[in-house]
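Okay, so here's the structure we're looking at.
Note that these values count all heavy atoms, side chains included, but never hydrogens, waters or copies made by symmetry. In this text, all values refer to a predicted model and were calculated from it rather than measured experimentally.
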Amino acid sequence: EYHASYPRIRIRIIDESSSQVLTAVARGDADFGLTYIGANDAEIEFKPLLEEPFVAAVSRRHPLAKRKSVDWADLEAHPYITLAQGSGNRFLMDQALVHSGSRPRHFCEVQHVPALVSMVEAGLGVGVVPRLAMPDEDHGTLVSVPLRNPAVSRTIGLIHPRGKTLNPVARLFYDLLSQRVEARQK
């Protein structure tokens with residue numbers, strides 16, 4: 001319920017790529033960000049919140065859907081959809097696969113994770129995405145299958161400029177996000 005004597009607080013969420021979130025925080029266009037990059041930036045303070053694995057995204061009717069886990073090599077036998085080079089997620093996957101000897105050949109490359117998930121849902125192929133990009137286990141048409149050899153993950157965290165104090169409202173929202181994620185992991 002809104003009351004005229006309460007101050008109005010507006011939150012603007014910048015829903016962009018991780019590199020754009022990092023840039024917005026570094027330039028001061030955003031008080032803080034939620035991302036998986038910036039941990040090694042000297043000007044940015046990175047507070048890790050959770051470790052998120054990448055999973056194989058498959059349709060429920062796909063032969064890999066019943067497996068407890070899949071290796072990267074298992075994906076080579078299926079139409080493979082990948083994220084475009086230059087994306088942060090693709091970089092993480094490529095780094096993990098450098099010494100593995102397995103690198104599925106893709107027939108299609110997309111810019112954004114939701115597009116990849118939609119293509120898998122339509123039955124066009126399989127792909128690899130961060131676990132949080134996939135729906136819950138009871139979804140009617142999509143399944144997340146744990147990925148191994150190598151397992152790939154990313155650390156999601158909150159970033160803000162090092163040495164800069166967040167304003168009280170931003171600090172409240174920052175702390176709320178931290179507490180919610182920590183509570184869900186218990």
What pairs with Arg27 under salt bridge (charged side-chain N to carboxylate O under 4.0 Å, His left out), at least two apart in sequence or on another chain? Asp29
Sequence-distant partners of Glu52, side-chain hydrogen bond (donor to acceptor under 3.5 Å, both in side chains), two or more places apart: Arg154
Residue pairs, two or more places apart or on separate chains, that pass salt bridge (Lys or Arg N to Asp or Glu O under 4.0 Å) and touch residues 129-149: Asp71-Arg148
Salt bridge (Lys or Arg N to Asp or Glu O under 4.0 Å) contacts in which one or both residues fall within residues 59-68, not counting sequence neighbours: Arg67-Asp74
Pairwise side-chain contact, Asp31 with His160, heavy-atom cut-off 4.5 Å (strictly under): no
Exercise answer: donor-acceptor pairs, residues 78-85 side-chain atoms, under 3.5 Å, sequence neighbours excluded:
unit_1, atom_1, unit_2, atom_2, d
His78, ND1, His62, NE2, 3.3

Could I get the full list of side chain to side chain contact (heavy atoms under 4.5 Å, CB included) partners for Asn40, not counting sequence neighbours? none
Looking at residues at least two apart in the chain, or sitting in another chain, which of them share a side-chain hydrogen bond (donor to acceptor under 3.5 Å, both in side chains) with Glu51? Ser153, Thr155
Got a sec, which residues hit side-chain hydrogen bond (donor to acceptor under 3.5 Å, both in side chains) with Asp94, two or more places apart in sequence or on another chain? Arg90, Arg103
Side chain to side chain contact (heavy atoms under 4.5 Å, CB included) against Pro135, all qualifying residues, sequence neighbours excluded: His139, Leu142
Check: Trp72 side chain, Pro150 main-chain N or O, donor-acceptor pair, under 3.5 Å: yes
Any residue meeting side-chain hydrogen bond (donor to acceptor under 3.5 Å, both in side chains) with Ser18, in chain and number order, not counting sequence neighbours: Thr35
Show me the side-chain donor-acceptor pairs of residues 113-126 shorter than 3.5 Å, one per line, residues at least two apart or across chains.
unit_1, atom_1, unit_2, atom_2, d
Ser118, OG, Pro114, O, 3.0
Glu121, OE2, Thr141, OG1, 3.0

Residues 160-172 vs salt bridge (Lys or Arg N to Asp or Glu O under 4.0 Å), sequence neighbours excluded, gives Arg171-Asp175
